[in-house]
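See below for the structure under consideration.
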Amino acid sequence: MRLLSILILLVLVTDLVAQDTKVPSKDWQLKTAVLALPEANRDQATVLGYDQTGELITLRKGTNEFICLGDDPGKEGFSVAAYHKELEPYMARGRELRKQGKDAGEIFDIREEEVKSGKLQMPDKSTLYVANGEVDASGEVQNLKVRFVVYIPYATAESTGLSPAPIGPGAPWIMNPGTHRAHIMITPE
C-alpha cells in the first residue's frame with residue numbers, strides 16, 4: 001500500500017512539474033518556430049519543438065533544407081532559430097552537451113576538438129537565422145528582431161576582410177575567427 005501511495009504521489013508531482021513548464025501548444029510552436037526564416041521557406045521547413053515534458057521533439061518533418069528550432073519554454077524571453085540542415089549534427093551535438101551539464105566554454109572546446117579530429121562534421125559554409133521578441137498576453141509575438149549568421153569555419157579577419165568586432169549598427173563582422181565556429185554576424189537595427 002505504501003508503494004502505491006508513493007507511486008501515486010510521484011505521478012502527481014510529475015504532472016505538476018509538466019504543467020508548470022507551460023509548454024505552448026503544437027500549433028503555436030509550429031506558427032512561431034519558423035519566424036526567423038524568410039516567408040518563402042517557412043511552410044516546407046522541419047520544425048523542432050517541445051512536448052509537454054519539455055523534451056525536444058520533431059513537430060513537423062520538412063521537405064526543404066531548413067530546420068527550425070522553437071522557443072524553449074524553460075528559458076526567459078522569446079527566441080527561435082532556423083538553420084541549414086547540414087548544421088544539424090553540429091547543433092545536435094551542442095544540445096547533447098548542454099543536456100550533460102556542460103557550459104558554453106566546454107561545449108565550444110569539445111566541438112572545436114571534434115571538428116578538428118573529423119569526429120564532428122561541420123559544413124564549409126552554412127546559414128543560421130535567429131529571431132528574438134516578446135510574447136504578448138494573447139500569444140502574439142511582438143518586436144521581432146532577426147539576426148543573420150553565416151558560418152565559415154576557420155575563416156579569419158584577414159581571409160575575409162571583415163572586422164573582428166562590430167564597427168557599426170547592422171555592419172557585418174566576423175565572430176570567433178580562426179575557429180570551427182567562425183561566422184559572419186549581421187544584426188540589423
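- Within the structure, salt bridge (charged side-chain N to carboxylate O under 4.0 Å, His left out) contacts touching residues 144-168 (residues at least two apart or in different chains) do not occur.
- Applying the salt bridge (charged side-chain N to carboxylate O under 4.0 Å, His left out) definition to pairs two or more places apart or across chains, those involving residues 68-91 are Glu88-Arg95.
- Inter-residue side-chain proximity for Asn143 and Phe78 is flagged as unmet; no heavy-atom pair is nearer than 4.5 Å.
- Connection of Ile186 to Val130 is not established within any shared hydrophobic cluster, with ILVMFWY side chains joined at heavy-atom distances below 4.5 Å, either directly or through further cluster members.
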Next on the checklist: Run Tyr129 and Phe148 through side chain to side chain contact (heavy atoms under 4.5 Å, CB included) and show every step you take.
Outcome noted: CA-CA 5 Å; Tyr129 303 88; Phe148 310 94; 3.4 Å; yes

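- Taken from OG1 in Thr127 to NE2 in His84, the straight-line distance is 7.0 Å, to the nearest 0.5 Å.
- The CG atom of Asn41 sits 5.5 Å away from the CG atom of Asn64 when rounded to the nearest 0.5 Å.
- Note on Met91 and Val34: separate hydrophobic clusters, where clusters join Ile, Leu, Val, Met, Phe, Trp and Tyr whose side-chain heavy atoms are under 4.5 Å apart, directly or indirectly.
- Val149 places a side-chain heavy atom less than 4.5 Å from the side chain of Met185.
- Side-chain contact between Thr46 and Phe66: absent, with no pair of heavy atoms (C-beta onward) separated by less than 4.5 Å.
- Annotation: side chain to side chain donor-acceptor pair (under 3.5 Å) contacts of Lys31 (sequence neighbours excluded): Glu140.
- In this structure, Val150 is a member of the same hydrophobic cluster as Val146, with clusters built from ILVMFWY side-chain heavy atoms closer than 4.5 Å.
- Side chain to side chain, Arg181 and Tyr151 fail the donor-acceptor criterion of an N or O pair below 3.5 Å.
- Between the side chains of Asp136 and Ser138, at least one donor N or O sits under 3.5 Å from an acceptor N or O.
- When all heavy atoms of Pro177 and Ala157 are compared, the pair lying nearest together is CB-N, 4.3 Å.
- With a 4.5 Å cut-off on side-chain heavy atoms, Leu87 and Met122 count as touching.
- The residues Glu114 and Arg93 are annotated as salt-bridged, a charged nitrogen and a carboxylate oxygen being separated by less than 4.0 angstrom.
- Annotation: Glu113, atom CD; neighbour count of heavy atoms from other residues, nucleotides and ligands within 6.0 Å does not exceed 12.
- When all heavy atoms of Ala82 and Leu37 are compared, the pair lying nearest together is CB-CG, 3.5 Å.
- Counting all heavy atoms, side chain and backbone alike, Pro24 lies closest to Gln52 at O-NE2, 4.1 Å.
- Sorted by first and then second residue, the ring-ring contact (aromatic ring centres under 6.0 Å, His included) pairs involving residues 95-117 (not counting sequence neighbours) are Phe108-His180.
- A 4.5 Å side-chain heavy-atom check between Asp103 and Arg98 finds every atom pair outside the cut-off.
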Without placing hydrogens or testing angles, list every side-chain donor-acceptor pair under 3.5 Å for residues 162-172, not counting sequence neighbours.
residue	atom	partner	partner atom	Å
Ser163	OG	Ala165	N	3.1
Ser163	OG	Ala165	O	2.6

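- Looking only at side-chain heavy atoms (C-beta outward), Leu30 and Arg60 come within less than 4.5 Å of each other.
- We find that Glu55 and Lys99 are joined by a salt bridge, their nearest charged nitrogen and carboxylate oxygen being less than 4.0 Å apart.
- Residues Leu69 and Ile67 are members of one and the same hydrophobic cluster, defined by side-chain heavy-atom contacts under 4.5 angstrom among Ile, Leu, Val, Met, Phe, Trp and Tyr.
- No side-chain donor-acceptor contact under 3.5 Å links Thr58 to the backbone of Lys61.
- Partners of Tyr154 by ring-ring contact (aromatic ring centres under 6.0 Å, His included), not counting sequence neighbours: none found.
- Using a 4.5 Å heavy-atom cutoff, the side chains of Cys68 and Leu48 are not in contact.
- For Lys26 against Leu59, the heavy-atom pair with the smallest separation is CE-O, 3.3 Å.
- Residues Pro73 and Lys22 have side chains not in contact (no heavy-atom distance under 4.5 Å, counting atoms from C-beta outward).
- Panel note: side chain Thr160, backbone Thr156; a donor-acceptor pair is recorded below 3.5 Å.
- Of the possible donor and acceptor atoms, none in the side chain of Asn176 sits under 3.5 Å from a partner among the backbone N and O of His183.
- At a threshold of 4.5 Å between side-chain heavy atoms, the hydrophobic network of Ile, Leu, Val, Met, Phe, Trp and Tyr places Val23 and Leu56 in one connected group.
- The shortest non-hydrogen separation linking Gln29 to Gly49 is OE1-CA, 3.3 Å.
- Counting non-hydrogen atoms of other residues, nucleotides and ligands closer than 6.0 Å to CD of Glu39 gives a total of 12 or fewer.
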